[in-house]
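What's counted below: heavy atoms across the whole structure, side chains too, no hydrogens, waters or symmetry copies.
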Amino acid sequence: MLNTSDKNLALELVRGTEAAVMASGRWLGRGDKNEVDRAAVEALRYMLNTVSMRGVVVIGEGEKDEAPMLFNGEALGTGEGPELDIAVDPIDGTTLMAKGLTGAISVVAAADRGSMFSPEDLFYMDKIVTGPEAADFIDIEAPVQVNIRRVAKAKNKSPEDVTVVMLNRPRNDEIRKEIQSIGARMRLIPDGDISGALTTCWRDAYSADLLLGSGGSPEAVITACAVKCLGGNMQCRPYFRNEEDESKAKARGLDRSTVLTIDDLVKGDNVFFAATGASTGDLLKGVSYRGDHIRTWSLCMRGKSGTVRYIEAIHSLKKLNRLNTVIDYSPKHPDA
């Protein structure tokens, strides 16, 4: 088990997310999501392999034969130090980046080995997320309107003042109608529900009160790591696209009524989370290129202490390129 009194691993992980956005940010708005992902993956892998840990990717991007993605089961780190489960999303919102839209981030989470839920063939989950003030009052089995009223009461506001964030997907249309019927505010996001979920734990002008709707299962586990650090709460249920999804889940003992709590998604509070903004959004500013230097905005969190650090970093382009030959931070000129 990791001795948290010795080291805050999040301060190491954030070097990986910084590298991922600096390498991939040159592709902002250029229409190629594969290049966004490739650049982010290569940079993130390189930096995480410099961390003193024996990490195994539990939440990654497929199997080994789909390289260069960070694949499930891949070993990360120097091979010395704590044994950890690693969850990565090199860019949460590759489509946002490719289209030049806001809200893309790079995220990494770590926890003790064996503590993270592995989605395997469970691709989607229904989710409910809220921050510390209403953490004890949400119930994914309760109707949408009941949850909105409970959150409103916990926050001493009316249901009409509650803001719900949700992925803009046809599968969430019924939930959208229920939200509208009670008169709550709603913010639809095109992608990036990790970032969307975390805004429920913030107290600022861009925060939300509740996240609802279905989204990716890997993102659910990463979100749970961050929400646990922030003192919020999260619950999920399997969402099946078809009979094949349902059959595979049943073989694991999961059905439509299975409720996965935040502790099912990640056990204990020995959790670390790091994120860096790729394109400016509600959570973080995006990476900025200033000629001879690059500027990044990140946050890193530790579950044991509940500490949240915001990091604004200035990176010398010349020195970065001198330090290694693996990550290319230089401008990406289009083919002639």
Side-chain angles (χ1 to χ4, degrees), residues 9-10 13-14 16-17 20-21 37 40-41 44-45 48 55-62 69-74 76 84-94 96 103-120 122-131 165 167 189 191-202 211 213-236 239 260-278 281-284 298-303 308:
L9 190 70
L13 300 180
V14 77
T17 56
V21 304
D37 215 21
V41 165
L44 184 58
R45 173 185 281 120
L48 292 183
V56 173
V57 177
V58 175
I59 306 296
E61 297 188 292
M69 301 305 176
L70 280 154
F71 59 87
N72 297 335
E74 180 175 353
L76 291 175
L84 301 169
D85 285 347
I86 304 294
V88 299
D89 197 338
I91 296 293
D92 178 38
T94 52
L96 298 177
I105 59 174
S106 176
V107 294
V108 177
D112 291 319
R113 179 71 54 82
S115 60
M116 286 187 188
F117 175 81
S118 178
E120 298 180 19
L122 180 61
F123 294 104
Y124 293 97
M125 293 186 193
D126 287 332
K127 308 174 186 180
I128 183 169
V129 183
T130 194
V165 62
L167 279 174
I189 54 176
D191 280 295
D193 69 342
I194 296 175
S195 179
L198 294 191
T199 64
T200 68
C201 298
W202 255 255
L211 177 135
S214 70
S217 296
E219 290 84 355
V221 179
I222 297 173
T223 299
C225 293
V227 171
K228 182 160 281 194
C229 292
L230 292 165
N233 195 13
M234 177 177 187
Q235 297 171 5
C236 295
Y239 177 93
L260 296 169
T261 68
I262 193 169
D263 290 319
D264 292 322
L265 296 170
V266 58
K267 298 180 177 67
D269 60 359
N270 199 22
V271 179
F272 300 88
F273 178 89
T276 302
D282 293 342
L283 193 64
L284 291 163
S298 307
L299 63 86
C300 60
M301 304 186 287
R302 187 183 194 185
V308 180

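- Across all their heavy atoms, K127 and C236 have their closest contact at CG-SG, 3.9 Å.
- At a threshold of 4.5 Å between non-hydrogen side-chain atoms, the residues D92 and I222 do not count as touching.
- One N or O on the side chain of K228 and one on the backbone of G268 form a donor-acceptor pair closer than 3.5 Å.
- Among residues two or more places apart in sequence or in another chain, the side chain to side chain donor-acceptor pair (under 3.5 Å) test is passed with S298 by T276.
- In plain terms, the two heavy atoms of E74 and L70 that are nearest each other are OE1-CA, 3.4 Å.
- Judged by distance alone, the side chain of D85 and the main-chain N or O of S115 form a donor-acceptor pair under 3.5 Å.
- P90 approaches A40 most closely through the heavy-atom pair CB-CB, 3.8 Å.
- I262 and A224 make their closest contact through CD1-O, 3.8 Å (heavy atoms, listed as atom of the first residue, atom of the second, distance).
- Between D264 and F117 the shortest side-chain heavy-atom distance does not fall below 4.5 Å.
- With a 4.5 Å cut-off on side-chain heavy atoms, L9 and L84 count as touching.
- Rounded to the nearest 0.5 angstrom, L122 CG and L260 CG are separated by 7.5 Å.
- Contact annotation: the side chain of I189 approaches that of L167 to within less than 4.5 Å [non-hydrogen atoms, C-beta and beyond].
- With contacts defined as side-chain heavy-atom distances shorter than 4.5 Å, the pair V57/F71 does not qualify.
- Here the straight-line distance linking atom CG of L211 with atom OG1 of T199 works out to 7.5 Å at 0.5 Å rounding.
- Contact of the V221 side chain with the P119 side chain is registered, since non-hydrogen atoms from C-beta on lie closer than 4.5 Å.
- Here L96 contributes atom CG and T94 contributes atom OG1; the two are 8.0 Å apart, rounded to the nearest 0.5 Å.
- Scored by the side chain to side chain donor-acceptor pair (under 3.5 Å) test, Q235 finds no partners at all (sequence neighbours excluded).
- Residues satisfying the side chain to side chain donor-acceptor pair (under 3.5 Å) test with N233, not counting sequence neighbours, are none.
- Residue F273 comes nearest to C229 through the heavy atom pair CB-SG, 4.5 Å, listed as atom of the first residue, atom of the second, then distance.
- Residue pairs that meet the side chain to side chain donor-acceptor pair (under 3.5 Å) test with at least one member in residues 216-226, sequence neighbours left out, do not exist here.
- Taking CD1 of I59 as the start and CD1 of I86 as the end, the distance is 11.5 Å to the nearest 0.5 Å.
- Side-chain contact between L48 and V88 is present, with heavy atoms from C-beta onward closer than 4.5 Å.
- Remark: D37 pairs with no residue by the salt bridge (charged side-chain N to carboxylate O under 4.0 Å, His left out) rule, at least two apart or across chains.
- The minimum heavy-atom distance linking A275 with T17 is given by the pair C-OG1, 4.0 Å.
- Taking CG of L76 as the reference point, atom CG of L13 lies at 10.5 Å (rounded to 0.5 Å).
- Remark: S106 pairs with no residue by the side chain to side chain donor-acceptor pair (under 3.5 Å) rule, at least two apart or across chains.
- Judged by distance alone, with hydrogens and angles left aside, the side-chain atoms of N270 form no donor-acceptor pair with the main-chain N or O of A111 at under 3.5 Å.
- Side-chain contact between W202 and L283 is present, with heavy atoms from C-beta onward closer than 4.5 Å.
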